[in-house]
Amino acid sequence: MTNGQGRAPAGPPRRTDARLNRERLVAAARDVFAEDGPGASLNEIARRAGVGPGTLYRHFPHRSALLTAVLEDRIGTLCAHAEDLLASEDADDALERWLRAFLAHARVHQGMGSALLLEPAGELGFDCHQRILDAAAGLLARARSHGTARADLTADDLLQLVVGTALSTARGGQAGQPERMLDLVLDAVHGAPRRAHGS
C-alpha cells in the first residue's frame, strides 16, 4: 500500500517513541537505584528520563517490574563483558577484569534481589544467578587451562568470595578496601591448594 504519492508509509513512530522511552526509563532507574537504593522515588526516575509518571507506569506497572528490567539490563551487560573477555589473549587477566566488574556490580546492586522478593509479581522471569555463574565458569575454566587458576576452585566458590567482599565493605570502610580484598581473593585463585585441616 502507498500513501498516494508512490511511497510506502513510514513505520509507526509510536513504537519507536515507546522503545526509546523504555530505554530512557531503564537508564534513569539504573542511576537512581544505584544512588538511593531499590526504594528510590519512581517520580524522580520519570523526571530524569524526561517522561511523565503515566509513561513510567505504562511501561512498568509496579516497582518490581522496573527493578527486574534494571537487573536484567545490568546482568546482560556483565555477561556480554564476559563473552568479550573470553577472546582476550591473557586468560588470567580476563578473569581478573571480569571479577572486578562483578564486584562493582555486586556493590551497586545490593538489596535489589531482596526488594524483588517483597514486591507483588516480583518474579524475575530469568535466572540471574545461573547466568552469572555460567559467565564466571567460562572464564575460570579458560584461566585454569591457559593461566594459573587453581584446579580445586569452583565458579560458585569464586562468586561467593566476591559477593562476600561486596557485603563486608558495604557500609563505608577504608578507601580502596574492596579492591584490596579482591586482590587477596585473586591471590587465593592463583595460589596452591592448602592441605585440608587434620590431614
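The figures here come from the full heavy-atom set of this structure, side chains too, leaving out hydrogens, waters and symmetry mates. Not measured: the values here are computed from a predicted model.
Rounding to the nearest 0.5 Å gives a distance of 7.5 Å between CG of Leu25 and OG1 of Thr55. Distance check: Leu161 CG to Asp156 CG gives 9.5 Å after rounding to the nearest 0.5 Å. Considering CG of Leu67 and CZ of Arg30, their distance stands at 14.0 Å, rounded to 0.5 Å. Atom CG in Leu140 sits 10.5 Å away from atom CH2 in Trp98 (nearest 0.5 Å).
Inter-residue side-chain proximity for Ile75 and Cys79 is flagged as met; some heavy-atom pair is nearer than 4.5 Å. Between Pro178 and Leu103, some side-chain heavy-atom pair lies under the 4.5 Å cut-off. In this structure the side chain of Val32 never reaches within 4.5 angstrom of the side chain of Leu42, judged on heavy atoms. Residues His59 and Arg24 are not in side-chain contact: their nearest non-hydrogen atoms beyond the backbone lie 4.5 Å or more apart. Side-chain contact between Asp183 and Arg100 is present, with heavy atoms from C-beta onward closer than 4.5 Å.
Distance alone, capped at 3.5 Å, places no donor-acceptor pair between the Arg74 side chain and the His105 backbone. A side-chain donor-acceptor contact under 3.5 Å links Asp92 to the backbone of Thr148. A donor-acceptor pair under 3.5 Å links the side-chain atoms of Arg63 to the main chain of Ala40, judged by distance alone. Side-chain atoms of Arg144 come within 3.5 Å of backbone atoms of Leu153 as a donor-acceptor pair (strictly under, hydrogens ignored).
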For residues 45-52, run the donor-acceptor check on the side chains, cut-off 3.5 Å, and write out each pair with its distance to 0.1 Å, sequence neighbours left out.
from: Arg47; atom 1: NE; to: Glu44; atom 2: OE1; distance (Å): 2.9
from: Arg47; atom 1: NH2; to: Glu44; atom 2: OE2; distance (Å): 2.8
from: Arg48; atom 1: NE; to: Glu44; atom 2: OE2; distance (Å): 2.8
from: Arg48; atom 1: NH1; to: Glu35; atom 2: OE1; distance (Å): 3.3
from: Arg48; atom 1: NH1; to: Glu35; atom 2: OE2; distance (Å): 3.1
from: Arg48; atom 1: NH2; to: Glu35; atom 2: OE1; distance (Å): 2.7

Inset, instruction - Let me see the working for Leu186 and Leu95 under side-chain contact (heavy atoms from CB on, under 4.5 Å), right down to the final yes or no. - result: CA-CA 9 Å; Leu186 290 166; Leu95 179 62; 5.5 Å; no
Inset, instruction - Would you sort out whether Val26 and Glu23 count as a side-chain contact (heavy atoms from CB on, under 4.5 Å), showing the intermediate values? - result: CA-CA 5 Å; Val26 171; Glu23 291 173 357; 6.0 Å; no
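Across all their heavy atoms, Pro38 and Phe33 have their closest contact at O-CE2, 3.6 Å.
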